[in-house]
Amino acid sequence: MRAIRWLSLTHAFGIGLFALLMAAFFWYLREVEVDQQKQALYRDVASAQTALRRELRDDQDEVALVAEEWMTRARRSPGAAAKAIEDFLARRGSAVYVALVDADERVIGSGHARGVVPIAARARGATISDAAGVEALGEIRQRQRPVFTRPFSSAASDVLVELYAPVDDDSGFTGAAIVGYSLNRMLGGSLLQTIRDRYQLSIVDRDGNNLVSSSLFEIDLAHLSYELPLDPPGHGVRLRAFAYDVQPHLIDRSLVAAVIGLSLAILATLVMLWRHARRRLFAEYERDRLFTLSPDPLCVFELDGTLVRGNPAFESVLGAGERRRRIDRWVHPDDRVQVATALAQIAEPGASSASFEARFRARDPSHATQSATGAEAALAPTGPATPTAWRWLHWSLRRDADADAPRPLLYAVARDVTERRNAELALAAETAFREAMEDSMLTGMRAFDMDGRITYVNRAFCRMVGFEAGELVNSLPPYPYWPPGSTEANHENLARVLRGDMPPTGFEVKVRRKDGSLFDARMYVSPLIDRQGRQTGWMTSMTDVTEPKRIREQLAAAHERFTTVLDELDAAVSVVARPLDGTADHAELLFANRMYRRLFGADSRRHESLLAARDIEVADGPSEIFDATLGRWFEVRSRQIRWVDGSAVEMLVATDVTRRRDIELVTMGEMASSLAHELNQPLTAIANYCMGLSARIRARAAAGESMPPDELLAPLAKTAAQAARAGEVIRRIRNFVKRSEPERRRCEITAIVADAVGLAEIDARRLGIQVLTELPAELPPLYADPILIEQVLLNLLKNGIEAMRDAPADRPRVVRLAVELADGHAEFSVTDHGNGLPRDARERLFEPFFTTKAEGMGIGLNICRSIVESHKGRLWAESPAAGGCSFRFTLPVAARVAAIADTA
């Protein structure tokens, strides 16, 4: 009886304590709710302020950048800037118009948003005369940066604020761009939609007067309010928010009634328990032993989650065993809804069991999943300081099966599943991270099983092909993104993939988008291995290589053309980069064509040695350098160029001129021999005339007679003629061998032929051969280099003279040079009466280094043809019926060259 009495008193005390705790709990919840509403209000208003300021500052920066472009277009044409202004207004929901003013504050261009009534003061042709506009224009003239005006009302009952952005050039202020913003549109923008649902937003001036509001009704008594300055636009403008009071007063009264009713119900339950206490004491004793000794937390709850009793394991794990405390006091705030759902489920009629998993505050931090901080620490019960953390518990609830029980109870057992949940959470986090990573990739990912059935595609793959994931997953070949007509080839590629024959470097295929367009893709395939090490399919990554492939092909083609041209040159071309800091021993060889590599290898020092020798010989222009290593002469040219990376590099072109120099030496030797032979006759004649005249003068002087002048004039005239003859020979030789750059000009055919024949006759007379010329009476001028054409004629004449050296005696010893006119061309022919050309020699006549002469070098005719072709002519050989050989070449006359140039 004493135990029952004390039990009854304890229950009464528990009722009172429960009432106090409930009252404290509701008071605490109310305070927390008010505090949370304040924090949410402050945070939301700050967020709204930031959104509005960012929008205005972004507009300010953008308008400052494009204002000059708008002004330029507007000055060029009144409607030129309309499109750009319309695009800007379409993107900026709060901007309602744009006006462009010149330095005289006159509007030269304007535009307004759709549905907005234009403002006459900002229409084209108007002058800015209102106080706000004049003040803003004066301010931007002084400060030279964009400014906002004070808010003002428009004729359309809207409150506006304007942004003035100056446009300056070297002469100073040239105009400004004006953007008008509607404060109503600012508050009605999409950025503030969620905030307007919870608060009444308004923009007030510096005196607190409402300019615009998000609600048509004013709040008489604000539950919560907060305001922040709004700059831009500044000028004391502030953003104010009133929180709507959504808490009905009925809840307070209902809660009081619920507490009272619950207390009465608990009191009645205690009375009934007292009646049955005696019969149940022994049974409860045995049950309590099981209850006490269980290693798992065991407890008894009421249907509303109020703890009735917990075993020692419950107390040791959760750190609390107080009765009459609701279970959600130990539950993590994020899991309370789940716990309440389970309690509501088991409280329904007919329900007998339920289960749930949730995080509970644990005393032992060794079972913790995370430390209690912030709001979680604030929810912890007061008392002695003990380490608290959270642990996952799986709860199994069983409702009392006794339908007649005066107080339904829930019997609960909990099992610690923290490690399993941590593993599940880690796996879920990893899975979510991988899914996010795969969806964020620009590379398309596709997985299919061993039968070719697609099992997975990521977002990038769907974006590439234009199909949704549902259209691709579980599909079998032929896949919907295979192009028409390539099914067989794609089936072969798929078979190779399934066999594992694909190269690790990937392969390229054509892929069809859903809209029918095609693109090039490169695919890489790797086996898909599960946790047991078994292959379950194949994973494919796909990259769109259409543009890189096109660029690569263009670059490869350009590079191939470039290298082909350079490799086919007869000159050695090299490019080197000289180190700026002097750390390298020699320059780096960046490029070398085939001729350079064949002559010098891949050694940049040969480039430097040729360049050094050139610098010693001549500072500018081409120079001829002898390479002792190769025993060759090179004509070297160099210049500074920009390399592909923008750095300054050095290009060198070395042309092998060894054979040309050898020919020049042979030619000069022949010239010297012919010159000596040709000059011998006039010089001998001059000497004979002078000696004869001296003898006659001495004889007359010995006889005491004087020499009559008439007798002196004839010998002296003959002497002068022979001297002129010698001078003409020397002039022709000098003009022929004089080094000069090619120079095309108008020149007479007769003069070129005369000089060439004059030089050729030196050898011809020595060999007893006559050179005859056949020229029309009137010949048009040529537009050519006379020295080069003279060299061609001289070479052909000398070849004809040498061909006549061993000709049969019965043939005429004559070389004939003729010129004919036909179809705007002058046709030159040099015909000899020698032995002619064999058939095989005629086919190879113009090949480099081919010759029919024992001492010939085989490059004369090749050079002659190059000279003729560079003058837009043609050189060929014929075999006359009478024997011998005839070389012919054509050159366009000056009139035809001018006509071709005019046509081009």
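Owing to the predicted nature of the structure, the values given are computational and were not obtained by experimental measurement.
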Charged N to carboxylate O under 4.0 angstrom, [X] versus [Y]?
X: Arg766; Y: Asp763; answer: yes
X: Lys549; Y: Glu508; answer: yes
X: Arg888; Y: Glu827; answer: yes
X: Asp520; Y: Arg550; answer: no
X: Glu802; Y: Lys798; answer: no

Within the structure provided, determine whether [X] and [Y] are in side-chain contact (heavy-atom separation under 4.5 Å).
X: Ile749; Y: Phe828; result: yes
X: Pro786; Y: Arg746; result: no
X: Cys690; Y: Thr719; result: yes
X: Ser886; Y: Arg816; result: no
X: Val815; Y: Met804; result: yes
X: Arg865; Y: Val792; result: no
X: Leu796; Y: Leu861; result: yes
X: Val893; Y: Pro781; result: no

Using the rule side-chain contact (heavy atoms from CB on, under 4.5 Å), only one of Thr831, Leu772, Val753 pairs with Leu817; which is it?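 Output: one option passes, namely Val753.
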To the nearest 0.5 Å, what is the distance between [atom1] ([X]) and [atom2] ([Y])?
X: Arg813; Y: Leu767; atom1: CZ; atom2: CG; result: 7.0 Å
X: Met595; Y: Phe600; atom1: CE; atom2: CZ; result: 10.0 Å
X: Asp656; Y: Asp627; atom1: CG; atom2: CG; result: 9.5 Å
X: Cys747; Y: Ile789; atom1: SG; atom2: CD1; result: 7.5 Å
X: Glu624; Y: Glu635; atom1: CD; atom2: CD; result: 6.0 Å
X: Leu794; Y: Gln791; atom1: CG; atom2: CD; result: 8.0 Å

Nearest heavy-atom neighbours spanning [X] and [Y]:
X: Val868; Y: Leu875; result: CG1-N, 4.1 Å
X: Ala577; Y: Val649; result: CB-CG1, 4.0 Å
X: Arg606; Y: Tyr596; result: CB-OH, 3.9 Å
X: Asp544; Y: Pro548; result: O-CD, 4.2 Å
X: Arg642; Y: Ala648; result: NH1-N, 3.6 Å
X: Gly506; Y: Arg522; result: O-NH2, 3.5 Å

Look at the side chain of [X] and the backbone N and O of [Y], then say whether any donor-acceptor pair between them is shorter than 3.5 Å.
X: Thr658; Y: Trp633; value: yes
X: Asp169; Y: Gly172; value: yes
X: His825; Y: Leu821; value: no
X: Arg597; Y: Gly601; value: no
X: Ser647; Y: Trp643; value: no
X: Arg811; Y: Gly883; value: no
X: His559; Y: Gln554; value: no
X: Asp567; Y: Asn593; value: no
X: His833; Y: Val814; value: yes

Report the residues that fulfil ring-ring contact (aromatic ring centres under 6.0 Å, His included) with Phe591, sequence neighbours left out, ordered by chain and then residue number.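 For Phe591, the residues satisfying ring-ring contact (aromatic ring centres under 6.0 Å, His included) (neighbours in sequence not counted) are Phe562.
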Near [X] [atom1], under 6.0 Å, is it more than 12 heavy atoms from other residues, nucleotides or ligands?
X: Glu705; atom1: CD; value: yes
X: Glu68; atom1: CD; value: no
X: Glu778; atom1: CD; value: no

Should Leu590 and Glu588 be marked as a side-chain contact (heavy atoms from CB on, under 4.5 Å) after you check the CA-CA gap, both sets of side-chain angles, and the distance that decides it? CA-CA 6 Å; Leu590 300 177; Glu588 178 185 1; 3.7 Å; yes
Could you go through Arg744 and Ser870, starting from their C-alpha distance and side-chain angles, then the distance that decides it, and tell me whether this counts as side-chain contact (heavy atoms from CB on, under 4.5 Å)? CA-CA 11 Å; Arg744 297 190 183 187; Ser870 68; 3.6 Å; yes
When you look at Val511 and Leu518, which way does the side-chain contact (heavy atoms from CB on, under 4.5 Å) test go after all the steps? CA-CA 6 Å; Val511 179; Leu518 301 179; over 6 Å; no
Not counting sequence neighbours, which residues clear side-chain contact (heavy atoms from CB on, under 4.5 Å) with Asp570? List them please.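 For Asp570 there are no side-chain contact (heavy atoms from CB on, under 4.5 Å) partners, ignoring immediate neighbours.
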